[in-house]
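Note that the coordinates shown come from a computational prediction; the quantities given were computed from them, not determined experimentally. Values below: all heavy atoms of this structure, side chains included; hydrogens, waters and symmetry mates excluded. Just so we're on the same page: letters track the sequence lines, and every chain starts at 1.
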There are 2 protein chains.
Amino acid sequence: MLSQKAKYALKAMIALATQDDGELLQAADIAERQNVPRKFLELILLELRKNGLVRSQRGKLGGYALAKPADTITFGQIIRIMDGPLAPIPCASLTGYRRCADCRDEKACAVRKTMREVRDAAAAILDGMTLADATGTDAAALKAAIGA
Amino acid sequence: MLSQKAKYALKAMIALATQDDGELLQAADIAERQNVPRKFLELILLELRKNGLVRSQRGKLGGYALAKPADTITFGQIIRIMDGPLAPIPCASLTGYRRCADCRDEKACAVRKTMREVRDAAAAILDGMTLADATGTDAAALKAAIGA
DNA sequence: TTAAACACTACTAATTTGATGGACAAAATA
DNA sequence: TATTTTGTCCATCAAATTAGTAGTGTTTAA
């Protein structure tokens, strides 16, 4: 299950991705637009900033913006920061592998094999989905819209 | 994340699937073989029985067996019983749909769309994976082994 | 100097998870 | 029939996680 936190993070990042290039968006604005508790959202944005996906400016007229182009930030990155590995079970994870305490023969474990398949399928979708895809404002779409 | 409970359930069902046709397997045996807490396992088997995947016999020489052929029981069925819907988020679930309280426009929600894709991919794998597949003892494999 | 914004720490209530323990009921067998 | 062995069911529980809230501090623009 995706946590509320990760869901809010995705929504916030999508909101930031709709902004013009360097434009800041304030936590309160995002909170209102996306219907998310403001203080909780601040915690989330802080964590995203510490992980290099968002930049912030303090003080009056401060706010948040994406730290990188929208087409270089994926749902997978955001979810891993908020919720940890995508795999349904640690022994099937690439980014957060951990052996099952109760496992007798990992090589032969059908549960692990299947969960690895699930992880791979989820990763393919989530690591392939960028904020630009989500907002429909990536370079290709823009070009097409302009007619170039 | 798959809960311990669901993982134990899958392991127990795989153990039952390796038994000859109507042969019973006792909770204590499964617990030892699969390295699972016995009392916890009993709770799990009870729930699987109530959901029609397992049958049980009480008293001396009692035990558990699959209630249906191994090639008609899937990982998806087992996981849904133990952990609920496969979708990462309720608004993307087929079997347990629930609207997000904070959602303004569900039709346009990129998070929901993507999570639906993830759900579909996971469901395709898990609903396609039977206990027979997991043990390699389905009819086709048996036939091939015999040379028929 | 003040108001408005992010930064950071601490706390908490509710829920879920992963069990454990014990009384009870059924079935086989001596 | 008495005993033993097994599943059934109910109650309880500790630890972890989730989803926040509150409040103080720090920075910046006006």
Side-chain angles (χ1 to χ4, degrees), chain A residues 1-12 16 23-32 34-67 79 81-85 88-90 96 98 100-102, chain B residues 1-12 16 23-32 34-51 53-67 79 81-85 88-90 96 100-102:
Chain A
M1 272 285 280
L2 200 72
S3 67
Q4 286 286 97
K5 207 171 140 197
K7 188 182 72 177
Y8 292 160
L10 289 170
K11 289 174 70 175
L16 291 176
E23 289 293 305
L24 295 174
L25 201 52
Q26 298 185 344
D29 285 344
I30 301 174
E32 199 193 353
Q34 302 285 351
N35 234 343
V36 167
R38 197 189 108 251
K39 287 299 272 180
F40 194 25
L41 180 62
E42 283 185 11
L43 254 41
I44 291 166
L45 288 165
L46 193 60
E47 205 169 336
L48 290 169
R49 196 208 55 175
K50 286 181 178 168
N51 282 276
L53 296 196
V54 150
R55 67 183 180 79
S56 66
Q57 187 170 329
R58 290 162 75 140
K60 210 167 184 173
L61 308 190
Y64 299 89
L66 296 185
I79 294 172
I81 289 169
M82 307 313 291
D83 284 357
I89 195 170
R98 251 184 37 234
C100 288
D102 56 289
Chain B
M1 273 284 278
L2 199 73
S3 67
Q4 286 285 95
K5 206 170 141 198
K7 188 182 73 176
Y8 293 160
L10 289 171
K11 289 174 70 175
L16 291 177
E23 289 292 305
L24 296 175
L25 201 52
Q26 298 184 344
D29 284 345
I30 301 174
E32 199 194 353
Q34 302 284 352
N35 234 344
V36 166
R38 196 188 108 251
K39 287 299 273 180
F40 194 25
L41 180 62
E42 283 184 9
L43 252 42
I44 291 166
L45 288 165
L46 193 61
E47 206 170 336
L48 290 169
R49 195 210 55 174
K50 286 180 177 168
N51 281 275
L53 297 196
V54 149
R55 68 184 178 78
S56 66
Q57 188 171 330
R58 290 161 75 137
K60 211 167 183 173
L61 309 189
Y64 299 89
L66 297 183
I79 293 172
I81 289 169
M82 305 312 292
D83 284 357
I89 195 171
C100 289
D102 56 288

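When rounded to the nearest whole Å, the span between NZ of A:K50 and C1' of C:dC6 equals 12 Å. A:I89 places its CD1 atom 14 Å from the C1' atom of C:dG18, with the value rounded to the nearest Å. In this structure, A:L43 atom CG and C:dT12 atom P are separated by 17 Å, rounded to whole Å. Separating the CG atom of A:D83 from the P atom of D:dT18 is a distance of 7 Å, rounded to the nearest angstrom. For the pair A:E47 CD and C:dT9 P, the computed distance is 13 Å after rounding to whole Å. Between the CZ atom of A:F40 and the C1' atom of C:dC8 there is a distance of 16 Å, given to the nearest Å. In this structure, CD of B:Q57 is placed 10 Å from P of D:dG7, rounded to the nearest angstrom. The distance between atom CG of A:L24 and atom C1' of D:dT27, rounded to the nearest whole Å, is 14 Å.
Taking all atoms of both residues into account, the shortest heavy-atom contact from A:V54 to A:R49 is O-CG, 3.2 Å. Taking each heavy atom of B:L24 and B:G62 in turn, the nearest pair found is CD1-C, 4.0 Å.
A donor-acceptor contact shorter than 3.5 Å is absent between the side chain of A:E23 and the backbone of A:A65.
Comment: A:E47 does not engage A:K50 in a salt bridge, judged by the lack of any side-chain N to carboxylate O separation of less than 4.0 angstrom.
Nearest-nucleotide positions on DNA chain C for B:S3 and A:G63 put A:G63 closer to the 5' end. Two residues, B:R38 and A:L2, neighbour DNA chain D, and the one matched to the more 5' nucleotide by heavy-atom proximity is B:R38. Comparing A:L61 and B:G59 by the nucleotide of DNA chain D whose heavy atom lies nearest to each, the residue mapping closer to the 5' end is B:G59.
Nearest to the side-chain atoms of B:Q26 among the listed nucleotides D:dT8, C:dC8, D:dT6 stands D:dT6. With distances taken from any side-chain atom of A:Y64 to the nucleotides D:dG7, C:dT9, C:dA7, the minimum falls on C:dA7.
Donor-acceptor pairing under 3.5 Å, judged by distance alone, is absent between the side chain of A:R58 and the base of D:dT28. In this model, no side-chain donor or acceptor of B:K39 finds a partner on the base of D:dG7 within 3.5 Å.
Note on B:L45: nothing from the nucleic acid sits closer than 4.0 angstrom, heavy atoms only. Here B:A27 lies in heavy-atom contact (under 4.0 Å) with sugar-phosphate atoms only.
Just one of B:Q4, B:K5, B:K11 meets the side chain to side chain donor-acceptor pair (under 3.5 Å) condition when paired with B:Y8; it is B:Q4.
Side-chain nitrogen and oxygen atoms of A:S56 include at least one within less than 4.0 Å of the OP1 or OP2 phosphate oxygen of C:dA7. For C:dC8, one of the phosphate oxygens OP1 or OP2 lies less than 4.0 angstrom from a side-chain nitrogen or oxygen of A:R49. Remark: B:K7 is not in phosphate contact with C:dG18, judged by side-chain N or O atoms under 4.0 Å from OP1 or OP2. Side-chain nitrogen and oxygen atoms of A:Y8 include none within less than 4.0 Å of the OP1 or OP2 phosphate oxygen of D:dA19. Between B:Q4 and C:dT17, a side-chain N or O to OP1/OP2 separation shorter than 4.0 Å is absent. Between B:K60 and D:dT3 there is no side-chain polar atom (N or O) within less than 4.0 angstrom of OP1 or OP2.
When side chains are defined from C-beta on, A:P85 does not count as touching B:M1, because their heavy atoms never get closer than 4.5 Å.
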